[in-house]
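As the structure is a prediction and not an experimental result, all values here were calculated from the model.
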Amino acid sequence: MRIMAVFAHPDDEIGCIGTLAKHAARGDEVMLVWTTLGELASQFGDQTHEEVTRVRREHGAWVAGKIGALHHFFDMGDSRMTGSRTEALQLARLYAQFRPNAVITWSDDHPHPDHRMTAKIAFDAITLARIPKIINEEGAACPWRPPRTSAEAIRWTVARTCAGWKPGGSPCASTSTTHRPAPTRKSLRTSRTR
């Protein structure tokens, strides 16, 4: 099974990291995705965008490495997301590459605008990822296909929030910053003892 978790900012994953770790430990492929770098967080003060990018990417790699997941960053702008087709298309291309069986993301009524916009593009990308002419407009990978059988549809259920599971939509993938951590003997041994 392939699980994609789509969040707005690095550290948003804390609400469901246990679930993601459990999936990874049982052998499922897990990908953490962040739509922004969370560069406006007060902890960064006057640091440059480059420095914040470095710190946030290190954070993402560390978290993903801890649970044995892939990770990917977009840079859609902290508190600047609009829920546009361009944003959704970036995520749709990642869906088409990763081809998730389930997606975990925010609720579309969350108070934070980046969380709402992340939910919007996560849902819009489902439709875009299914249309080859759209996905291939600028030369991307083959499109994701929705499940056809009822068993596939059950696995395809989307968790719309980290606070609670709600049935919904689906899928996932992008390229340049997608990383898979190298498994270590300790992580393999730990996952077998759980």
Requested in this report: On the 0 to 90° scale, with breaks at 30° and 60°, tag the His112-His110 ring pair as parallel, tilted or perpendicular.
Outcome: tilted
Report task. Measure up the His9 and His115 rings against each other and bin them: parallel (under 30°), tilted (30 to 60°), perpendicular (over 60°). Result -> tilted
For the residue pair [X] and [Y], establish whether any side-chain heavy-atom pair is separated by less than 4.5 Å.
X: Asp114; Y: Trp106; answer: no
X: Ile3; Y: Thr19; answer: no
X: Glu87; Y: Thr35; answer: no
X: Met81; Y: Thr118; answer: yes
X: His49; Y: Asp75; answer: yes
X: Phe98; Y: Val33; answer: no

Requested in this report: Check the side chains of Asp11 and His59 for a donor-acceptor pair under 3.5 angstrom, ignoring hydrogens and angles.
Outcome: no
What pair of heavy atoms forms the shortest contact from [X] to [Y], and how long is it?
X: Thr36; Y: Gly77; result: CG2-O, 3.6 Å
X: Glu29; Y: Leu70; result: OE1-CD1, 4.4 Å
X: Gly68; Y: Ala24; result: O-CB, 4.1 Å
X: Gly38; Y: Pro10; result: N-CD, 3.9 Å
X: Ala88; Y: Ala125; result: O-CB, 3.4 Å
X: Arg85; Y: Leu128; result: O-CD1, 4.2 Å

Check for a donor-acceptor pair, side chain of [X] on one end and backbone N or O of [Y] on the other, with a separation under 3.5 Å.
X: Arg2; Y: Val30; result: no
X: Glu51; Y: Thr48; result: no
X: Arg56; Y: Glu39; result: no

To the closest 0.5 Å, what do you measure between [atom1] ([X]) and [atom2] ([Y])?
X: Ile131; Y: Asn136; atom1: CD1; atom2: CG; result: 11.5 Å
X: Leu91; Y: Met4; atom1: CG; atom2: CE; result: 6.5 Å
X: Gln97; Y: Ile135; atom1: CD; atom2: CD1; result: 9.0 Å
X: Leu89; Y: Asp124; atom1: CG; atom2: CG; result: 11.0 Å
X: Gln90; Y: Ser84; atom1: CD; atom2: OG; result: 7.5 Å

Query raised in the report: Counting heavy atoms not belonging to Ile14, are there more than 12 under 6.0 Å from its CD1?
Result: no
Query raised in the report: Below 6.0 angstrom between ring centroids: does that apply to His72 and Phe74?
Result: yes
Query raised in the report: Between Phe7 and Trp34, does the ring centre distance come in under 6.0 Å?
Result: no
Is it true that [X] and [Y] fall in one hydrophobic cluster, defined by side-chain heavy atoms closer than 4.5 Å?
X: Ile17; Y: Met1; answer: yes
X: Val55; Y: Phe73; answer: no
X: Leu40; Y: Met117; answer: no

Report task. Check the pair Leu20 / Ile104 against side chain to side chain contact (heavy atoms under 4.5 Å, CB included), numbers first and verdict last. Result -> CA-CA 10 Å; Leu20 299 174; Ile104 297 172; 3.8 Å; yes
Query - Arg54 bridged to Glu58 by N-O distance under 4.0 Å - result: yes
